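Note on naming: letters A, B, ... go to the chains in the order of the sequence lines (proteins, then strands), and numbering restarts at 1 for each one. Because the structure is a prediction, the values reported are computed rather than measured.
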Amino acid sequence: MKHLASKLTGSLGLALALGSAALAAPQTFDFKDPKGVNNAVFLLDAPLESINGTANGVSGTVTFEAANPGSLKGRIVIEAASLHVPNPMMKEHMHGKDWLDVANHKEITFEAIQVGKVTKTGDETTTADVTGKFTLKGVTREITVPVRLTYLKDKLGARTNGRMQGDLLVIRSTFNIKRSDFGINPGAPADKVSDVIQLTLSLAGAAPRS
Amino acid sequence: MRRWLGVIAAFVAVVTVAFWVATGASRGFTKTTVAVEKTDEVTGLTYRDYERRFVAGVEILGLGLGLSAVLFGASRLCRPRLPPGSGR
């Protein structure tokens, strides 16, 4: 009897250990979003003109461990041709050679290489500063951006009407870059087109369970 | 001719302003799509859905009113019709 109890305790301990290991294991979240919710908003607010648009061609993967958010790694890709402004002529110029040259520079990417200042702000949310390589129009610069991570356990089912089960990772970030740092029409007057580009990323990635 | 050009100038000005107001009286440039803000219920993320809609911008307003001003100016250059028997 004592032997059986000891065996049961051992099995239970092993199951719990395996369970917690599975929970603690890093998950890979896919940011390709068929619903078209993932987006980046860009704003260039110059004294004479404010340019405001969005990009929704988001893809990429991020590895995240809920128990250790500081271990976050990954790469987010935005299809340059998906950048949209409501004025068709402005959009044509923006995609053109002087501005983003989307024919030759098809992707805008951010690759996370280091995470710092990790702060747990709630049961599901964490803030951090993510340092990474940001590539725009073929120019790569290392930047640090503030991010807010929201880990939504078991919420994938609600988003797919139960077709898939799994977890969601929501990433929100707002940061500034300079147009001149990336060779985006550096000759354009700053009073008409701001040198500062404010980017706001709103992204949700899915980690389905098989 | 002078009178007709004046009438056309006024017509162009009225139609331009009416069209600009009817499509939203936008003080920005012309748009062919309009953003509608939406929120994803599960993630709480806000995103923009673009609807195809024409919104006349200030350049269209300026062009119409400019054309109207040119027509009005041209009407002023036309010689007024003289009353019969005025000697010319």
Side-chain angles (χ1 to χ4, degrees), chain A residues 29 31 33-43 48-56 58 82-93 124-125 148-162 164 166-174 192 200-206, chain B residues 5 7-75:
Chain A
F29 292 84
F31 282 78
D33 174 25
K35 291 185 83 174
V37 169
N38 286 352
N39 70 92
V41 174
F42 54 92
L43 172 69
L48 292 179
E49 195 175 350
S50 179
I51 300 169
N52 192 348
T54 55
N56 59 6
V58 179
S82 74
L83 268 73
H84 179 85
V85 286
N87 181 276
M89 194 178 285
M90 192 185 279
K91 184 176 174 178
E92 196 181 317
H93 287 169
E124 297 172 329
T125 56
R148 185 151 64 97
L149 306 162
T150 308
Y151 177 65
L152 298 172
K153 192 163 169 52
D154 297 325
K155 287 287 173 74
L156 180 59
R159 214 165 177 235
T160 57
N161 294 326
M164 282 195 282
D167 307 328
L168 294 170
L169 177 67
V170 179
I171 301 178
R172 293 178 176 90
S173 181
T174 299
K192 201 162 178 255
T200 302
L201 306 180
S202 304
L203 314 169
Chain B
L5 278 175
V7 168
I8 293 169
F11 180 75
V12 168
V14 168
V15 167
T16 301
V17 172
F19 181 64
W20 179 71
V21 170
T23 60
S26 166
R27 280 176 287 176
F29 288 113
T30 296
K31 299 170 186 171
T32 53
T33 53
V34 177
V36 180
E37 293 274 344
K38 293 187 175 176
T39 304
D40 181 67
E41 285 177 13
V42 179
T43 60
L45 292 176
T46 54
Y47 62 103
R48 293 178 191 177
D49 220 6
Y50 285 95
E51 287 177 358
R52 293 192 71 83
R53 199 195 321 159
F54 187 84
V55 178
V58 286
E59 77 275 30
I60 288 181
L61 181 70
L63 205 70
L65 293 180
L67 177 65
S68 170
V70 168
L71 288 170
F72 183 76
S75 77

_Are the side chains of Arg159(A) and Asp40(B) in contact, using a 4.5 Å heavy-atom criterion?_
yes

*Using a cut-off of 6.0 Å, state whether more than 12 heavy atoms not belonging to Phe54(B) lie near its atom CZ.*
yes

*Which region of Lys35(A), side chain (C-beta onward) or backbone (N, CA, C, O), has a non-hydrogen atom less than 4.5 Å from a non-hydrogen atom of chain B, or is it both or neither?*
side chain

*Non-hydrogen atoms of chain B under 4.5 Å away: do they reach the side chain of Leu203(A), the backbone, both or neither?*
backbone

*What do you reckon, is OH of Tyr47(B) surrounded by more than 12 foreign heavy atoms closer than 6.0 Å?*
yes

*Under a 4.5 Å heavy-atom cut-off, does chain A meet the side chain of Tyr50(B), its backbone, both or neither?*
side chain

*Ser202(A) portion near chain B, given a 4.5 angstrom heavy-atom threshold*: both

*asked:* Heavy-atom cut-off 4.5 Å, strictly under: side chain, backbone, both or neither for Val37(A) against chain B?
replied: both

*Around atom CD of Glu92(A), are there more than 12 heavy atoms of other residues, nucleotides or ligands at under 6.0 Å?*
no

_Heavy-atom closest contact (Leu152(A) atom, Thr43(B) atom, distance)_ = CD1-CA, 4.1 Å

*Might you confirm whether atom CZ of Phe72(B) has over 12 heavy atoms from other residues, nucleotides or ligands at distances under 6.0 Å?*
no

_I need the minimum non-hydrogen distance between Leu45(B) and Asn38(A), along with the two atoms involved._
CD1-OD1, 4.2 Å

*Per-residue contact mode, Asn87(A) against chain B (heavy atom under 4.5 angstrom)*: both

*Find the one option among Glu41(B), Arg48(B), Lys31(B) whose heavy-atom pairs under 4.5 Å with chain A are most numerous.*
Arg48(B)

*asked:* So, taking the atom named CE in Met89(A) and the one named OG1 in Thr32(B), what distance separates them when rounded to the nearest 0.5 Å?
replied: 11.0 Å

